[in-house]
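The block underneath contains the structure these notes are about, expressed in structure tokens.
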There are 2 protein chains.
Amino acid sequence: MAREIPDATVARLPIYRRSLVELASTGAEMVSSAALADLAGVNAAKVRKDLSYLGTYGVRGVGYDVKFLLRQIGDALGLDIETPVVIVGMGNLGQALAHYGGFSSRGFPIVALVDASEAKVGQVVDGIAISHIDDLDTIVKEHAIAVGIIATPAEAAQIVADALVAAGVRSILSFAPSVLHVPETVPLRKVDLATELQILGYYQQRESPAEGGNTDKSA
Amino acid sequence: MAREIPDATVARLPIYRRSLVELASTGAEMVSSAALADLAGVNAAKVRKDLSYLGTYGVRGVGYDVKFLLRQIGDALGLDIETPVVIVGMGNLGQALAHYGGFSSRGFPIVALVDASEAKVGQVVDGIAISHIDDLDTIVKEHAIAVGIIATPAEAAQIVADALVAAGVRSILSFAPSVLHVPETVPLRKVDLATELQILGYYQQRESPAEGGNTDKSA
DNA sequence: GTGAGCTTGTGCGTTCGTGCACAAGCGGTA
DNA sequence: TACCGCTTGTGCACGAACGCACAAGCTCAC
């Protein structure tokens, strides 16, 4: 499994991938680090260093093979196989996420929806019937679900996280505005919409030339 | 306007704020850096250093005044006044964001919704009628809108960003999976849901003890 | 007034990320 | 074969972030 890839690099790989997919669709076969850097909105040296962590696949004087690079990045990110996802919490956000096509098309099919409200159980969203949270364990095992998305209110988030971990989910993406504690072995990422706006508020107030001080989760 | 606050600190201020609001609701008047660190899921020394950028308001041997600290953080983030927001793109995500109450309740009321589809214009979502993108300029000026949220497909994102900047929006939050170019004076933050999942994929595959590498661990 | 016990504020060493700059290396041309 | 132009891979130096560890300073008890 190659060497360790730095966190900052891992966060950029999906962006390179997106750019490469676009490039591939235009028929391009090779790409230079400078061209890719331009597409991804980063520094060319950074691109080269990032890609070097995947192993060395560029050809000096020529560039990188687009398709080969795509496969390499896909492998590093574990996109060679589909990763089934469950969404917990079918409020506005949860329903929107369920409808959002960007997950399935990128290898993360949503295979189950869960909520705690009896009223919602049984309703069909985007072709999937909502199940009750009490059945979470069975559902996760049945579909071999690897990723749990938490779209519940903050109060329920920790309980849901614990349930997901107990059921055997391997990583968690949380939209709940709260601190979550999970075992070290379960990667956790958080997206808090209100927090993002507040951060913008600071830079806006300053009218500073900053980039928003982003974690640079995407681009 | 105090001193410069480091990016990493700015990103944590909203989390401290969230913890303090919770604390205040329990009636607590003072809080130590250790207690706050615990609530926010970070190191105590980091909390103290972060807060020191706001100016020094802690009392040795005692701690920090909860209410005062809340006001200081609010000031730093520019939350003393309401910041009107417009959402561009009324697809699934846009509609979910429009319904999401977390914005208004934290000082970012959604005052306008915009879409390019004639079919959607006029529809009412969460009490607000959808306007046409061509009227963006007027709308932004009329409501003195400061923040634009982009929830359109990737292809439209850059055009929308340009339009928002031209209309006078001061900062942008984008959910579109694409690279955006805006003037240095306009803070921009990006959230890409598929990217988040792909990053999780890397760490999951590794089953490393890392925490998803980014923004910070538990929060 | 004096001492004990906390808690803050910060200096400092360490680690991580960034990007410049250049040598190494490949392909094409004569 | 020899040379030229282009692009990769990386050494290096700089800066940001982190967290330990400790001195400074406040409150309370007696």
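Excluded from the calculations below are hydrogen atoms, water molecules and symmetry mates; all remaining heavy atoms, backbone and side chain alike, are included. In what follows, every chain begins at residue 1, and chains take the letters A, B, ... in the order their sequences are listed.
- Looking only at distances, a side-chain donor or acceptor of B:Gln95 sits under 3.5 Å from a matching main-chain atom of B:Met90.
- In this entry the distance linking CG of B:Leu36 with P of C:dT7 reads 14 Å, nearest Å.
- Residue A:Ser33 places its side chain closer to D:dT8 than to any other of C:dT18, D:dT8, C:dG27.
- Checking the phosphate oxygens (OP1, OP2) of D:dT7, no side-chain nitrogen or oxygen of A:Ser32 falls inside 4.0 Å.
- Residue B:Tyr64 places at least one side-chain N or O under 4.0 Å from the OP1 or OP2 atom of C:dG9.
- Look at OH on A:Tyr53: it is 10 Å from P on D:dT10, rounded to the nearest Å.
- Ion pair B:Asp137/B:Lys141 flagged as a salt bridge, since at least one NZ, NE, NH1 or NH2 atom sits closer than 4.0 Å to an Asp/Glu carboxylate oxygen.
- A close approach under 4.0 Å does not occur between any side-chain nitrogen or oxygen of B:Lys49 and OP1 or OP2 of C:dT10.
- Contact check, B:Arg12 against D:dC18: a side-chain N or O comes under 4.0 Å of OP1 or OP2.
- Among the nucleotides C:dG9, D:dG9, C:dT18, the one closest to any side-chain atom of B:Thr56 is C:dG9.
- Taking atom CZ of residue A:Arg48 and atom P of nucleotide D:dC6, one finds them 15 Å apart after rounding to whole Å.
- Spacing between atom NZ of A:Lys46 and atom P of D:dT7 amounts to 21 Å, rounded to whole angstrom units.
- Side-chain contact check for B:Tyr202 and A:Asp7: no donor-acceptor pair (N or O, by modelled atom type) lies under 3.5 Å.
- Of all nucleotides listed (D:dT10, D:dG25, D:dA17), D:dA17 comes nearest to the side chain of B:Pro6.
- In the set D:dT8, C:dT10, D:dA23, the nucleotide with an atom closest to the side chain of B:Ser52 is C:dT10.
- Distance from the side chain of B:Asn43 is smallest for D:dC20 among the nucleotides D:dC20, C:dC26, D:dC18.
- Taking atom CD1 of residue B:Ile5 and atom C1' of nucleotide D:dA17, one finds them 15 Å apart after rounding to whole Å.
- Rounded to an integer number of Å, the gap from B:Asp65 CG to C:dT8 P is 13 Å.
- To the nearest angstrom, C1' of C:dC26 lies 11 Å from CE of A:Met30.
- Looking at which nucleotide of DNA chain C each of A:Val59 and A:Ala45 is closest to, the 5′-most match is held by A:Ala45.
- Between the side chain of B:Arg60 and the base of C:dT8, a donor-acceptor pair under 3.5 Å is found.
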Distance-only donor-acceptor pairs under 3.5 Å for side chains of residues 57-73 of chain A, two or more places apart:
from, atom 1, to, atom 2, distance (Å)
A:Asp65, OD1, A:Lys67, N, 3.1
A:Asp65, OD1, A:Phe68, N, 2.9

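- Computed from coordinates, the A:Asp7 CG to D:dC18 P distance equals 12 Å when rounded to whole Å.
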